[in-house]
Participant: 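What follows is a structure written as structure tokens; I'll ask about it next.
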Number of protein chains: 2
Amino acid sequence: MTSSRATLIEVARHAGVSLASTSRALHGTGASPAMVERVRAAAEELGYSPDVTGRSLRMKKTFQVAFAVADIGNPVYVEMLTAIHEVLSPHGYRVVVMTTGDTAGAATDLVRSLGSGFVDALVISPLRADDALADEIRRAPVPVVVVGRSLDDGAIDSVSTDSADGIGQAVDHLVRSGRRRIGFLNGPLDTTPGRARQRGFDAAARANGFPAERTTVEVADDFTVAAGLRAARALLAPAADGSRLDAVVAANDLLAIGAVRAAREAGLTVPGDVAVTGMDDTELGRVYEPSLTSVSLGSSERGAAAARAVLARLEDGEAPAQHVVIGPRLLVRESTAAEGSSR
Amino acid sequence: MTSSRATLIEVARHAGVSLASTSRALHGTGASPAMVERVRAAAEELGYSPDVTGRSLRMKKTFQVAFAVADIGNPVYVEMLTAIHEVLSPHGYRVVVMTTGDTAGAATDLVRSLGSGFVDALVISPLRADDALADEIRRAPVPVVVVGRSLDDGAIDSVSTDSADGIGQAVDHLVRSGRRRIGFLNGPLDTTPGRARQRGFDAAARANGFPAERTTVEVADDFTVAAGLRAARALLAPAADGSRLDAVVAANDLLAIGAVRAAREAGLTVPGDVAVTGMDDTELGRVYEPSLTSVSLGSSERGAAAARAVLARLEDGEAPAQHVVIGPRLLVRESTAAEGSSR
DNA sequence: CGACCCGCTGGAAACGTTTCCGGATGGCGT
DNA sequence: ACGCCATCCGGAAACGTTTCCAGCGGGTCG
């Protein structure tokens with residue numbers, strides 16, 4: 001249980017050499033082969049393993065990187081976390097997970113807490129980003145990489161994706177498939193993703209020449225299946241003239257599933273009567289039936305890119321900020337088939 | 001970007017008092033109100049925030065807890081992580097995520113690496129546990145809580161669940177619903193969960209008086225939908241006499257979805273022709289159609305319990321080991337309805 | 001043969017914090 | 001009025017590591 005761990009000093013004493021030589025020997029820098037062997041043996045015998053807190057204090061480096069998101073349960077963030085871990089771990093960095101909460105203030109506090117130096121860098125994906133957060137990030141004592149919106153600030157490393165363009169791809173795909181009345185099922189507009197996707201849909205509607213009365217928008221109060229189901233009921237209700245939508249673009253796979261549910265409730269088939277697209281390319285959407293056509297925002301790629309940006313920044317603190325953009329990719333599956341089974 | 005952070009020494013100098021008093025004032029222990037105010041003002045002015053590495057070195061405490069699992073992507077582990085984070089975070093602990101890989105050796109190495117003291121405790125959920133791992137845990141320099149199988153070792157804190165009993169609950173439920181020929185779709189037998197669930201099924205089959213020829217078992221080579229689909233095809237193939245199973249107990253929600261897929265491929269309806277149960281009560285299973293009857297192993301509860309065990313152990317290192325058992329709970333949903341829609 | 005340089009070693013400082021300990025001061029009880 | 005105790009303060013040590021600096025020896029080149 002509690003074995004008082006051997007310290008470097010004891011190893012030095014045990015090997016009969018100085019502390020300095022012991023440290024050097026164990027790092028292989030500037031020590032004679034004889035010395036190395038001697039120290040190595042002593043260390044082995046005592047079961048020595050270096051204490052990272054002592055090392056951190058001296059080197060001003062913790063070999064830890066924090067990953068902060070609103071909620072860790074979200075599959076998108078899980079994918080990012082996995083990717084980040086995979087990139088950083090081989091370089092000897094540990095990953096600390098943190099939650100920003102869903103208020104912008106909490107995220108700002110978190111960035112400020114970086115001052116206590118428990119971590120060499122931070123990857124943060126803020127749900128709601130404001131100027132205060134950007135300010136705090138700029139004056140943060142360690143590198144911060146933002147994944148998500150680029151905060152409109154050239155000086156901050158960022159990895160983003162063009163989700164507006166992604167929504168556009170979904171709309172174009174539906175139009176090409178012959179759908180004409182396309183509704184948009186969005187999440188809360190006071191979130192960064194919500195705003196971006198709204199922008200994307202509006203632009204796509206304009207680009208495709210949809211008159212306002214040919215598009216309908218409904219905003220769910222959360223990015224969940226339940227909220228999507230509620231909002232989609234309204235979206236799919238017949239218009240005054242009895243006509244209905246023939247396609248729904250959802251801002252999210254979860255919302256999309258809610259839309260499929262609502263469609264079935266209303267006696268409509270998917271994709272027969274209504275085509276549905278999601279976003280995020282989650283396992284959920286892949287496995288669902290019908291499998292969801294979804295716009296991948298490359299969560300893994302973004303996570304990996306963010307991790308690489310961290311490494312680059314730690315390598316060279318003065319390099320100009322980099323802004324990686326991962327292009328969205330539409331993955332066509334059953335939920336938008338032209339002639340689908342009537343399941 | 002890089003503002004050289006203020007140290008306690010500078011705060012002391014700036015306040016014109018000693019280092020010791022400064023430290024005490026900031027901790028509110030044994031300092032006069034005047035002193036506290038004076039130091040607080042100085043700290044405020046300099047934007048001081050304490051350095052955790054210095055503190056850790058001195059206090060021999062990192063305020064970090066590691067959570068180690070085979071792969072972070074698994075929804076079950078994500079739930080645990082979330083729960084652990086929720087319990088530990090209010091107590092000032094950060095959570096470090098680590099991966100054990102899928103070999104027992106890697107897990108052992110990980111536990112050994114605890115010697116470098118980057119963390120105050122470890123919560124580990126080993127996929128494959130052997131004696132070497134148990135040994136290493138026993139001699140670990142920090143508290144370790146095992147979640148999963150209890151390692152058959154009374155001296156190690158553990159949080160487990162009786163997944164064998166859970167399988168039993170699923171079988172009983174199916175029998176009560178009138179199902180007679182029940183197949184078992186398991187995952188790899190060289191994993192701890194795989195073995196336990198096999199044991200559970202065998203016991204349940206015996207208890208219900210199923211002759212060996214009335215039960216069929218198939219082992220998928222992974223706990224995934226794809227592997228489940230492959231294995232379930234064999235499981236659902238007609239027997240020599242042309243008869244088929246009327247129920248499948250899957251060791252996992254993912255495998256269960258594979259089974260549903262295979263059933264539909266074979267032209268069978270779920271739950272009409274074949275009832276299917278899963279295990280883990282994942283979001284996936286809840287949202288799937290038909291929604292999956294599933295045995296919840298209480299991932300969140302287990303995570304929370306493990307975190308509480310960590311706190312208790314950190315509080316009192318000498319207390320006897322505790323073994324929390326979270327009872328499995330069957331959640332009945334559409335996939336085992338007596339008369340289902342023929343979807 | 002002397003000067004210089006290079007490789008190796010040991011002493012000591014430094015990283016930033018907490019806390020032990022001794023000393024000073026003030027108040028209170030006797 | 002004196003002693004005692006509680007309260008508060010400052011000096012200094014300690015946690016475990018890395019690294020600067022100086023010294024020492026041996027080899028090489030001029």
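Heavy atoms only: backbone and side chains are in, while hydrogens, waters and symmetry mates are out. Sequence lines set the chain letters: A, B, ... in the order given, protein chains first and strands last, and positions in each chain run from 1.
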Participant: Below 3.5 Å is the cut-off: list the nitrogen or oxygen pairs between protein and nucleotides 21-24 of chain D, distance only.
Facilitator:
none

Participant: Could you please name the option among D/dT17, D/dT19, D/dG16 that lies closest to any side-chain atom of A/Ala20?
Facilitator: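 Closest of the options to the side chain of A/Ala20: D/dT19.
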
Participant: Would you check if the side chain of B/Ser160 reaches a backbone N or O of B/Val325 as a donor-acceptor pair within less than 3.5 Å?
Facilitator: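 Checking the backbone N and O of B/Val325 against the side chain of B/Ser160, no donor-acceptor pair under 3.5 Å is found.
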
Participant: Heavy atoms from C-beta onward define the side chain here; which of D/dC9, C/dT17, C/dG10 lies closest to that of B/Ser21?
Facilitator: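 Of all the options, the side chain of B/Ser21 is nearest to D/dC9.
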
Participant: Could you list by number each residue of residues 30-50 of chain A showing a heavy-atom separation from DNA chain C of less than 4.0 Å, or answer none if no residue does?
Facilitator: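 Correct list: A/Gly30, A/Ala31, A/Ser32, A/Met35.
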
Participant: Measure from CZ on B/Arg58 to C1' on C/dT19 and round the result to the nearest Å.
Facilitator: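 Value for this atom pair: 5 Å.
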
Participant: Compare every heavy atom of B/Ser300 with every heavy atom of B/Glu79, then report the nearest pair and how far apart it is.
Facilitator: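 Where B/Glu79 meets B/Ser300 most closely, the heavy atoms are OE1-OG, 3.3 Å.
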
Participant: I'd like to know whether A/Asp120 forms a side chain to side chain contact (heavy atoms under 4.5 Å, CB included) with A/Tyr93, so could you lay out the CA-CA distance, the side-chain angles of the two residues, the decisive distance to 0.1 Å, and finally the verdict.
Facilitator: CA-CA 9 Å; A/Asp120 296 336; A/Tyr93 287 94; 3.6 Å; yes

Participant: Can you tell me how far P of C/dC15 sits from CE of B/Met59, to the nearest Å?
Facilitator: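 The distance from CE of B/Met59 to P of C/dC15 comes to 22 Å, rounded to the nearest Å.
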
Participant: Within this structure, what is the CZ-to-C1' distance between A/Arg55 and C/dC15, rounded to whole angstrom?
Facilitator: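 Rounded to the whole Å, the gap is 14 Å.
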
Participant: Shortest non-hydrogen contact from A/Gly154 to A/Ala321?
Facilitator: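 Heavy atoms only, the tightest pair is O-CB, 3.3 Å.
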
Participant: Pick the closest DNA chain C nucleotide for A/Val17 and for B/Thr53 by heavy atoms, then say which residue is nearer the 5' end.
Facilitator: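 Looking at the nearest nucleotide for each, A/Val17 comes out on the 5' side.
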
Participant: Distance check needed: D/dC8 P versus B/His27 NE2, whole Å only.
Facilitator: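 Answer to the nearest Å: 17 Å.
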
Participant: Working note: A/Phe67 + A/Met98, criterion side chain to side chain contact (heavy atoms under 4.5 Å, CB included); need CA distance, chi angles, decisive distance, verdict.
Facilitator: CA-CA 6 Å; A/Phe67 177 53; A/Met98 318 202 64; over 6 Å; no

Participant: For D/dG16 and B/Lys60 - does any side-chain N or O of the residue sit under 4.0 Å from the phosphate oxygens OP1/OP2?
Facilitator: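 Looking at the OP1 and OP2 atoms of D/dG16, one of them is under 4.0 Å from a side-chain N or O of B/Lys60.
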
Participant: Using the side chain to side chain contact (heavy atoms under 4.5 Å, CB included) rule, take A/Arg94 and A/Val65 through it: C-alpha gap first, then chi angles, then the decisive distance, then the call.
Facilitator: CA-CA 6 Å; A/Arg94 291 181 295 276; A/Val65 172; over 6 Å; no

Participant: Using whole Å, what does the distance between atom C1' of nucleotide D/dT17 and atom CZ of A/Arg5 come to?
Facilitator: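 Rounded to whole Å, this separation is 12 Å.
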
Participant: Any carboxylate oxygen within less than 4.0 angstrom of a Lys/Arg side-chain nitrogen, looking at B/Arg40 and B/Glu37?
Facilitator: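 Between B/Glu37 and B/Arg40 there is a salt bridge, with a charged N closer than 4.0 Å to a carboxylate O.
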
Participant: Looking at every non-hydrogen atom in both residues, tell me the closest pair between A/Val147 and A/Ala306 and how far apart they are.
Facilitator: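 Closest pair (atom of A/Val147, atom of A/Ala306, distance): CG1-CB, 4.5 Å.
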
Participant: With side-chain contact (heavy atoms from CB on, under 4.5 Å) as the test, pick out the partner of A/Val144 among A/Val123, A/Ile137, A/Asp157.
Facilitator: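 Testing each of A/Val123, A/Ile137, A/Asp157 against A/Val144, the sole residue satisfying side-chain contact (heavy atoms from CB on, under 4.5 Å) is A/Ile137.
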
Participant: Between A/Asp51 and B/Ser18, which is nearer to the 5' end of DNA chain D once each is assigned its nearest nucleotide?
Facilitator: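 By nearest-heavy-atom nucleotide position, the 5'-most residue is B/Ser18.
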
Participant: Without decimals, in angstroms, what is the distance between B/Ile9 CD1 and D/dG10 P?
Facilitator: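 Result: 15 Å.
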
Participant: Could you state the CZ-C1' distance from A/Phe118 to C/dG16, rounded to the nearest angstrom?
Facilitator: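 For the pair A/Phe118 CZ and C/dG16 C1', the rounded distance is 17 Å.
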
Participant: Of the nucleotides C/dT17, D/dG10, D/dT18, which one has an atom closest to the side chain of B/Leu19?
Facilitator: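 Selected nucleotide (nearest to the side chain): C/dT17.
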
Participant: Starting at atom CD of A/Glu10, determine the distance to atom C1' of D/dT17, rounded to an integer number of angstrom.
Facilitator: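 For the pair A/Glu10 CD and D/dT17 C1', the rounded distance is 14 Å.
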
